[in-house]
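As structure tokens, the structure follows; a few thoughts come after it.
Worth knowing before you read on, the calculation uses all heavy atoms, side chains too, and leaves out hydrogens, waters and symmetry mates.
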Amino acid sequence: MDVLGGNHGHEAPWKRMSKEELDNQYSPSRWVVRLGAEEAMRTYSQIGSKAGICAISLVKKGSVMMGQTVTKRARATGRSLLDVPYGEGEGEKLDIYLPEAVSEAMPFLVFFHGGYWQSGSKDTSAFMVSPLTAQGVAVVMVAYDIAPKAPVLCTGTLDQMVDQVTQSIVFVQKRYPGNQGIYLCGHSAGAQLAAMMLLANWIKHGVTPNLKGFFLLSGVYDLEPIMHTSENAPLLPTLEDAQRNSPLWHLETAPTQPADPACRILVIVGQHDSPEFRRQSREFHQTLCQGGWKASFAELHDVDHFEILWNLTQEDYVLTQIILKTIFQES
């Protein structure tokens, strides 16, 4: 049986997919390419990691162990400010990892973890901290109230997360007003949250953050297909909920002009991400370009949905180098 959606994207490939195929396309851990799920879990556990997005518990457990390891290592440097409140809510906290040479003019990379808005944590996501702080970049890990901790799994949950992400950026700008630039980075569901900041009305928050770039990794930008998957349907009970939280839908229906034409947006996906994740990234990039944004697209060779993030522990990883060159304006 084909899945029927709303008016948006009526010719999109997902419209012709069965519910079972949609579940498959939007379950990233079903597309792991190294060794299979169980052996991948053991392998990644030995390295130590947590990517934030998962659908198969074996991969999830392994990635948590790795993320705990790299986060513990990052915190051991002593140059970190942990659980700093950016709002009044219990879950509204962030970690700030500082380079050895702290200055008012530091660039900041602000990271939003994935987990399909239902799992993941700032406490297991510090993959890029060491390579970036070593080069003088401060890294901020943001926590937000994931769905199981929200009052109910219904309308408003995703709206709350978007609002919390907005608050966290306002907080960083106010605390470090002399920053050299704020760069937002999100993985999977975190990329959706970061991309929603392209639409933010900063005037009502009393400060315009010095946003210089976006790194959107293996993201979901049109949430309508998510409505028809088993695991995530409770988050999006209506088409209106999905559209309101879909940056792609907003940019297509009411294009937003770039506040800063020089702000760079990098839309990045893994070669072994599912076809739907790759399609969404390509379409979001095309929509940004049509709207006048300074956007580029890259499909990283031979990495899956998790490895695209995990490999950021490596200084010579292509994505690590892309991020550093973008922040320091190297060609």
Side-chain angles (χ1 to χ4, degrees), residues 51 70 74 77 79 96-114 125-142 169 172-173 176 178-188 190-191 194-195 197-198 209-219 221 258-273 278 281-282 284-286 288-289 291-331:
V70 295
T77 64
R79 296 188 300 274
I96 305 172
Y97 296 89
L98 299 168
E100 188 169 353
V102 176
S103 75
E104 275 293 314
M106 295 179 297
F108 284 78
L109 183 135
V110 182
F111 181 76
F112 309 106
H113 67 81
S125 300
F127 297 96
M128 73 292 294
V129 166
S130 294
L132 296 191
T133 54
Q135 299 300 320
V137 181
V139 180
V140 180
M141 295 284 160
V142 177
I169 298 166
V172 172
Q173 178 63 39
Y176 300 97
N179 69 77
Q180 191 177 348
I182 295 175
Y183 297 80
L184 306 186
C185 181
H187 175 246
S188 205
M197 297 303 99
L198 297 169
N210 187 25
L211 294 179
K212 294 296 185 181
F214 290 70
F215 305 105
L216 307 177
L217 316 181
S218 294
Y221 310 105
D260 180 2
C263 181
R264 298 187 61 183
I265 305 170
L266 282 70
V267 183
I268 301 168
V269 69
Q271 178 186 357
H272 300 304
D273 264 303
R278 298 201 309 274
S281 290
R282 286 193 302 269
F284 191 58
H285 168 250
Q286 291 167 2
L288 288 167
C289 291
W293 298 85
K294 189 176 182 181
S296 58
F297 172 83
E299 182 174 297
L300 298 190
H301 175 68
D302 198 28
V303 293
D304 60 37
H305 188 87
F306 302 95
E307 293 168 327
I308 197 171
L309 181 66
W310 293 346
N311 290 350
L312 284 172
T313 57
Q314 304 168 20
E315 293 182 14
D316 59 351
Y317 176 42
V318 61
L319 182 53
T320 307
Q321 292 302 309
I322 288 173
I323 290 172
L324 286 170
K325 288 180 179 179
T326 300
I327 290 175
F328 293 108
Q329 302 299 305
E330 298 176 15
S331 58

Whether the side chain of [X] engages the backbone of [Y] through a donor-acceptor N/O pair (distance < 3.5 Å, no angle test) should be reported.
| X | Y | answer |
| --- | --- | --- |
| E307 | D304 | yes |
| H113 | M141 | no |
| E315 | T320 | no |
| Y97 | T133 | no |
| Y176 | S103 | no |

How about [X] and [Y]: do any of their side-chain heavy atoms sit closer than 4.5 Å?
| X | Y | result |
| --- | --- | --- |
| Y183 | L266 | no |
| L319 | N311 | no |
| L288 | F297 | no |
| I323 | V137 | no |

Rounded to the nearest 0.5 Å, what separation is found between the [atom1] atom of [X] and the [atom2] atom of [Y]?
| X | Y | atom1 | atom2 | value |
| --- | --- | --- | --- | --- |
| I268 | H187 | CD1 | NE2 | 11.0 Å |
| L184 | L109 | CG | CG | 8.0 Å |
| I327 | I322 | CD1 | CD1 | 12.0 Å |
| I96 | M106 | CD1 | CE | 8.5 Å |
| L217 | M128 | CG | CE | 7.5 Å |
| D260 | W293 | CG | CH2 | 9.5 Å |

- Message: Using the side chain to side chain contact (heavy atoms under 4.5 Å, CB included) definition, which of the options F215, F284, F214 pairs with V267?
- Response: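 Going through F215, F284, F214 one by one, the side chain to side chain contact (heavy atoms under 4.5 Å, CB included) with V267 is satisfied by F284 alone.
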Closest non-hydrogen atom pair, [X] against [Y]:
| X | Y | value |
| --- | --- | --- |
| P107 | Q180 | CD-OE1, 3.6 Å |
| D273 | H305 | OD1-ND1, 2.7 Å |
| G213 | C263 | N-SG, 3.7 Å |
| A191 | G219 | CB-CA, 3.6 Å |
| G270 | S218 | N-OG, 3.8 Å |
| F108 | V140 | CD2-CG2, 3.9 Å |

- Task: Compute whether any side-chain donor of one residue and acceptor of the other, for Q173 and N179, lie under 3.5 angstrom apart.
- Result: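 Yes - a donor-acceptor pair under 3.5 Å links their side chains.
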